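Notes to accompany the following structure.
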Amino acid sequence: AQTVTQSQPEMSVQEAETVTLSCTYDTSENNYYLFWYKQPPSRQMILVIRQEAYKQQNATENRFSVNFQKAAKSFSLKISDSQLGDTAMYFCAFSPNFGNEKLTFGTGTRLTIIP
Amino acid sequence: DVKVTQSSRYLVKRTGEKVFLECVQDMDHENMFWYRQDPGLGLRLIYFSYDVKMKEKGDIPEGYSVSREKKERFSLILESASTNQTSMYLCASSLSTGQPYNEQFFGPGTRLTVL
């Protein structure tokens, strides 16, 4: 069974600064997908970024990027130039194979951007 | 845009009641999921379905059942609600299995309180 660990329950950062959220996972699979989902207060969960394990290049989406270390089973999310709208719960998630199967989520990190 | 809707945002029920949570998606997705979200535990998969009338147990199916009579609708049933089922319930859908990757789209959630 896979496990996903987020060791930072809460974080806060000043607007415009850079913040990194950590995530580690454990699996015996060789091919899998990793995700970061964002859940703003009282709003729906949305996908922020995904990484395919067989791709060595780190994924980026505008201000969001990941640091994927496959050997260390680490998958951190970096948010650059943070904005007030980035305030949310962030969940790291894992899916085996094609990424269509059930997701295993971490416990989440509550990120607050301070004006 | 994909839209996943859930029948209620807030629901209050009494112990022993039979509870139905409804989820509808409008994008002809084959896969549908029910998660439970609790503070400090993240999201945990209750059941998922990859086709009409098909269902698979997730990580915490005890005390729950599901029904998928139509492709667009996936219902979560609490046969006899208990106080430990007080939680936020999230529904999600994704396009299909057998594809390289398909994002899960989430509904707004139903916050259920069992008294």
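The model shown is predicted, which means the values in this text are computed figures rather than measured ones. Just so we're on the same page: letters track the sequence lines, and every chain starts at 1.
The two residues A:Leu47 and B:Glu103 make their nearest non-hydrogen contact at CB-OE2, 3.4 Å.
Note on B:Leu76 and B:Phe106: separate hydrophobic clusters, where clusters join Ile, Leu, Val, Met, Phe, Trp and Tyr whose side-chain heavy atoms are under 4.5 Å apart, directly or indirectly. Put simply, B:Ile46 and B:Leu90 are part of two different groups of oily side chains (I, L, V, M, F, W, Y) that touch within less than 4.5 Å, one to the next. Taking hydrophobic clusters as Ile, Leu, Val, Met, Phe, Trp and Tyr residues chained together by side-chain heavy-atom distances below 4.5 Å, B:Val24 does not share a cluster with B:Trp34. Both A:Leu103 and B:Met88 belong to a common hydrophobic cluster when Ile, Leu, Val, Met, Phe, Trp and Tyr are linked at side-chain heavy-atom distances under 4.5 angstrom.
Surrounding CG of A:Asn30 are at most 12 heavy atoms belonging to other residues, nucleotides or ligands under 6.0 Å away. Other residues, nucleotides and ligands place more than 12 heavy atoms under 6.0 Å from the NZ atom of A:Lys70.
Only the side chain of A:Gln39 comes within contact range of chain B, judged by heavy atoms closer than 4.5 Å. Both the backbone and the side chain of B:Leu43 come within contact range of chain A, judged by heavy atoms closer than 4.5 Å. Proximity to chain A is limited to the side chain of B:Arg9, based on heavy atoms less than 4.5 angstrom apart. For chain A, the nearby part of B:Gln37 is the side chain; its heavy atoms alone come within less than 4.5 Å.
Rounding to the nearest 0.5 Å places OH of B:Tyr35 at 5.0 Å from CZ of A:Phe105.
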Verdict with reasoning, A:Phe35 to B:Gln104, per side-chain contact (heavy atoms from CB on, under 4.5 Å): CA-CA 11 Å; A:Phe35 310 88; B:Gln104 286 193 22; over 6 Å; no
